[in-house]
Amino acid sequence: MGGGDRSTRSGGGGGGHGKRQGSATAAVPKGCLAVKVGHQGEEQQRFVVPVMYFNHPRFMQLLKEAEEEYGFDQKGTITIPCHVEQFRHVQCMIDRENSFRRHHHHHVGCFRVSF
């Protein structure tokens, strides 16, 4: 897999995992879920994310914020009440961690650079 953004906002163009989709009701690829992201007063954007995100501690914190804001009775797509840029930052961090784990698991002798 390439280094592109695998979980993107829907808005137009082709279908499939990590690609923009035609409408808000576009099909979601297997192994993914759609979420809406946007803080109060901000236009909400639709993202398609891998279900593995839902077990990540950073993503679980966003879900907790959604629960506190909207409760468990959300109908339809889950709405996450954070700024879109904050959501993208969390996505990037999760993707980097997962990329390292996949890379580290498959290559003996590799190392991780500390920041």
Side-chain angles (χ1 to χ4, degrees):
M1 289 198 186
D5 183 13
R6 297 180 321 131
S7 40
T8 60
R9 179 174 68 97
S10 295
H17 184 65
K19 295 186 179 170
R20 291 174 187 235
Q21 308 209 348
S23 72
T25 59
V28 176
K30 185 176 181 177
C32 297
L33 287 172
V35 296
K36 285 190 263 180
V37 178
H39 207 270
Q40 188 173 16
E42 180 180 52
E43 182 181 346
Q44 291 183 342
Q45 295 182 15
R46 182 177 182 262
F47 288 81
V48 176
V49 297
V51 293
M52 64 182 227
Y53 275 32
F54 287 75
N55 288 324
H56 192 281
R58 294 183 193 278
F59 200 83
M60 290 188 346
Q61 179 59 40
L62 294 176
L63 293 173
K64 183 177 180 183
E65 292 172 19
E67 175 195 350
E68 291 169 359
E69 179 86 14
Y70 304 113
F72 283 114
D73 293 334
Q74 289 192 57
K75 303 283 189 241
T77 306
I78 295 171
T79 301
I80 298 177
C82 74
H83 294 289
V84 170
E85 289 306 315
Q86 177 189 359
F87 183 80
R88 286 188 176 135
H89 179 72
V90 169
Q91 278 186 298
C92 185
M93 291 180 352
I94 293 171
D95 286 342
R96 268 189 297 213
E97 289 174 20
N98 289 334
S99 175
F100 170 73
R101 286 188 188 124
R102 279 192 305 272
H103 173 75
H104 189 71
H105 178 72
H106 295 293
H107 295 90
V108 176
C110 64
F111 60 93
R112 182 176 183 182
V113 178
S114 299
F115 291 86

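In this chain, residues are counted from 1 in sequence order.
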Practice prompt. Taking the side chain as every heavy atom from C-beta outward, state whether Phe54 and Leu62 have any atom pair closer than 4.5 Å.
Written response: no

Item to complete: Identify the two heavy atoms, one from Ala66 and one from Pro81, that lie closest to each other, and give their separation to 0.1 Å.
Response: CA-CD, 3.5 Å

Discussion item. Return the NE2 to CD distance between His83 and Gln40, rounded to the nearest 0.5 Å.
Written reply: 10.5 Å

Worksheet item: Should we say atom CD of Glu43 is surrounded by more than 12 heavy atoms from elsewhere, each under 6.0 Å from it?
Response: no

Fill in: Salt-bridge contact Glu85-Arg88 (side-chain N to carboxylate O under 4.0 Å)
yes

Discussion item. I need the Gln61 CD to Cys82 SG distance, nearest 0.5 Å.
Written reply: 10.5 Å

Practice prompt. Answer yes or no: is there a side-chain heavy-atom contact under 4.5 Å between Ile80 and Phe59?
Written response: yes

Worksheet item: Under a 4.5 Å side-chain heavy-atom rule over Ile, Leu, Val, Met, Phe, Trp and Tyr, are Phe47 and Met52 clustered together?
Response: yes

Worksheet item: Taking a hydrophobic cluster as the set of Ile, Leu, Val, Met, Phe, Trp and Tyr residues connected by side-chain heavy atoms closer than 4.5 Å, whether directly or through intermediates, do Val37 and Val51 fall within one such cluster?
Response: yes

Worksheet item: Do Ile78 and Leu33 touch side chain to side chain, with heavy atoms closer than 4.5 Å?
Response: no

Discussion item. Just by distance, no angles: are the side chains of Glu97 and His56 close enough, under 3.5 Å, to form a donor-acceptor pair?
Written reply: yes

Worksheet item: About how many Å separate CZ of Arg58 and CD of Gln86, when rounded to the nearest 0.5 Å?
Response: 11.0 Å

Worksheet item: Would Val35 and Phe87 count as a side chain to side chain contact (heavy atoms under 4.5 Å, CB included) if you check the C-alpha gap in whole Å, the side-chain angles of each, and the deciding distance to 0.1 Å?
Response: CA-CA 11 Å; Val35 296; Phe87 183 80; 4.0 Å; yes

Worksheet item: Would Met60 and Val49 show up in the same hydrophobic cluster when neighbours are defined by side-chain heavy atoms closer than 4.5 Å?
Response: no

